There are 2 protein chains.
Amino acid sequence: MRGGERAALPAPRASARRVPGSATGTGQGSIPDVRRPSPGMLDVARTAGVSVGTVSNVLNNPAKVAPPTREKVEAAIAALGFVRNGVARSLKAGRSTTIGFVLIDLTNSFFLDMVRGAEEVANEAGMNLLLANADMNPVKEQTFLDLFEEERVAGILLTPRPLADEEGPRPAAAGVPRVHLNDPTAGAEVCSVTTDNVHGGYLAARHLIDTGRRRLLFAGGDQLDPVRQRYEGALRAVGETNGAVTLERLPTEWVRPPDGRRVAETILARTVGERPDAVLAGADLLALGLVQALSVDGRLRIPDDIAVIGYDNNRTAWDSLIPISTLDQAGEEMGRTAASLLLEEVRGAEDHVHRSVRLQPFLVPRESTVGR
Amino acid sequence: MRGGERAALPAPRASARRVPGSATGTGQGSIPDVRRPSPGMLDVARTAGVSVGTVSNVLNNPAKVAPPTREKVEAAIAALGFVRNGVARSLKAGRSTTIGFVLIDLTNSFFLDMVRGAEEVANEAGMNLLLANADMNPVKEQTFLDLFEEERVAGILLTPRPLADEEGPRPAAAGVPRVHLNDPTAGAEVCSVTTDNVHGGYLAARHLIDTGRRRLLFAGGDQLDPVRQRYEGALRAVGETNGAVTLERLPTEWVRPPDGRRVAETILARTVGERPDAVLAGADLLALGLVQALSVDGRLRIPDDIAVIGYDNNRTAWDSLIPISTLDQAGEEMGRTAASLLLEEVRGAEDHVHRSVRLQPFLVPRESTVGR
DNA sequence: GGAGGTCGGTTAAACGTTTCAAGACCAAGG
DNA sequence: CCTTGGTCTTGAAACGTTTAACCGACCTCC
């Protein structure tokens, strides 16, 4: 299927200044044959006066080699600047020691948290984590998934694009174990880790109610599933108050700072009595714009006149002048969990049963709701 | 030879759990446990009733294969769910079609710009870009460099850590072509792309002077080389005014928003006559804190009472209520240039001469200096 | 002094591709 | 009928490791 792509044959590198030994024994090349920058184990073996098997043992089972021999080999390795060929290694082993992580959007700190968590677990297991930037592009996403499969990585982590409804389901994982992060649409054919947006919305509203707020406003886009779920959670919390608290909803086009500023204008345009005493923003950037525009020129005091809480603990919002309370989605934990699931599948393919883990967000109270 | 051990089990898409068979002796060896569901070209060849050479041709030189044969092979590929083994492919080719990018810090949008630029060029050349997150950690940086060398990637891009003075020079590139981005310490043994901080500082000051400012203040950490260079540039611009403009310097501990707020306090504590009418911040986040604290509660009007310009066009500062003028470091261009240099070296190792390209930053005027 | 163990090392067979010389077949030309 | 040339296809040799089987000393124990 992928036959079209051509390999863009990398031209052999000219032997630089350092020429280890001539080509390996079978150097009978009748073709323009000028290269071999990197010495192989055979070169090392010859230099050290041992066999390749011994060189391999020095690398992989040092204990099995007598110290004097080992030293000779190590000296030869250093002298030649030998770097073991991981490609041949992987080929022989049938699978590499690398994990691939396909990311939908590197500019969102949520995903970077996942990377950090996943990397931690991967490193503990002696594996390396390589990242691929899908950049919101479905085609790139698929390209990188294919690449990782071809390269026979040990496993794949994926934060998928939201998956527009009209397109079919994502192709199932073929040969390589895969774990989905933050993909509520993930089926039973893979492991997945998600976050509980409903509960997060509940916690946010609960926090506002518990700190004395009674007129709540939820601001947030209507078309985004996660945001809608957060609203549902808030609704539930309000429902528990038997009418003591009201919850109004103000849809926004998107969830960026400009949208937040527009919400602020709407609020400020109202009479004092009609204003909410707390706002739940569907996302931190929305909350950021909101806080900026509400507080500018001392129009409203936050949190005294009005409290604001965001969602997702986005790094960009950390630098708000008035620190914004938020819900942390446990991105790092999500990365750790996903990597653990993946490792479990990689190691025990036999009796692995796919699971779906749902993580709970947690409240991060800051000045925008509880003051200084 | 392989006929005996390979069951005729087609083992197509692994629909659920359950692994075909424990297969032949799984060596204890190192880390990886093996499961090998993936069919190889030999399986495809058998299914299609042709030889492996023909399968290879279908994949790489479709024109050389007669249409009927080609179709049979393609059918077999689809039926078996064959995914070509990129590891074996790379081994045979001697080098892969992947470029590795080792990044010092994924949270800084400057580096993400580079990624975007590099990716663009790499894709055009039919190569894939894989990212490694060094996370400010020299050990990780080295680990990933080693990994990429072992994996015999076609080339390596690197945004190195600042390189604390006490440690020795970075080990030279061994077998794989490498290009350094934003590394002023890069020697002549590699290609490199840097940004001209002095000129950027000059442009920033020039802009302020040209828009009528006369009392300039430069705020910025003393220990960071790039920031110091920006100051030098500003100094030069001021020098050209024959004393008409003054430039004061206010060192900060670091260049984050809290430092900016402290600078603001210092300024506000002065009498009106002693205050600068423009501030050059050594970095955007510093400018962000500065703008926040200067303008809060309507204390000073920006840019009427005081202008502020930042540096580096950091995405985090985009969301400031008052958009902040800045200097863009042409990160995307840097990525493109670096990738081009790398490709040149990869392709024509013979007559490649290492070069060092210095890119010029450009002014991005916004409201914080020129009003609305 | 021979059987059996250990230790340290070598040899050769994979791993799954690509590539290229050589073979099979066929049509056309002499 | 034999040659020539062309088009497809095949077969086998690499690529640089790892690993199991093997081998030769040397040591120990009866």
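Below, chains carry the letters A, B, ... as their sequence lines are ordered, and counting in each starts from 1. Being a predicted model, the structure only gives us computed values, none of them experimental.
Residue B:Arg70 is the one, among B:Arg70 and B:Lys92, whose nearest nucleotide of DNA chain D lies closer to the 5' end (criterion: closest heavy atom).
The CD-C1' distance, from B:Glu150 to D:dT17, rounds to 12 Å in whole Å. Atom CG in A:Leu59 sits about 12 Å away from atom P in D:dT19, given to the nearest Å. Here the C1' atom of nucleotide D:dT10 and the CG atom of B:Asn61 are 15 Å apart, to the nearest Å. Atom CG of B:Asn57 is separated from atom C1' of C:dA21 by 14 Å (rounded to the nearest Å). One interatomic measurement links the two molecules: CG of A:Leu42 to P of C:dT11, which rounds to 11 Å at whole-angstrom precision. The separation between A:Met41 atom CE and D:dT19 atom P is 11 Å, rounded to whole Å. Separating the NZ atom of A:Lys72 from the P atom of C:dG9 is a distance of 8 Å, rounded to the nearest angstrom. Distance, B:Arg46 CZ to D:dG11 P: 13 Å, rounded to whole Å.
Remark: the backbone N or O of B:Glu189 is paired with a side-chain donor or acceptor of B:His354 at under 3.5 angstrom. Side-chain atoms of A:Asp135 never come within 3.5 Å of backbone atoms of A:Asn137 as a donor-acceptor pair (strictly under, hydrogens ignored).
Nucleic acid contact class of B:Val65 (heavy atoms, under 4.0 Å, all strands): sugar-phosphate only. Among the protein residues, B:Val87 comes within range of no part of the nucleic acid, since none of its heavy atoms lies under 4.0 Å from any strand.
Residue A:Ser56 places at least one side-chain N or O under 4.0 Å from the OP1 or OP2 atom of D:dT18. Between B:Thr54 and D:dT10, a side-chain N or O to OP1/OP2 separation shorter than 4.0 Å is present. Contact between the side-chain N/O atoms of B:Asn60 and the OP1/OP2 oxygens of C:dT18 is found at a separation under 4.0 Å. Listed pair B:Arg84 / C:dT18 meets the phosphate criterion, a side-chain N or O lying under 4.0 Å from OP1 or OP2.
Within the 4.5 Å cutoff, the side chain of B:Ser96 has no heavy atoms near those of the B:Glu151 side chain.
Considering only the side chain of B:Ser51, D:dT10 comes nearest among C:dG16, D:dT10, D:dT9. Side-chain proximity of A:Arg89 to the nucleotides D:dT18, C:dT17, D:dC8 is greatest for D:dT18.
Among residues two or more places apart in sequence or in another chain, the side-chain contact (heavy atoms from CB on, under 4.5 Å) test is passed with A:Ala75 by none.
Looking at B:Glu119 and B:Asn123, their side chains never bring a donor and an acceptor atom within 3.5 Å of each other.
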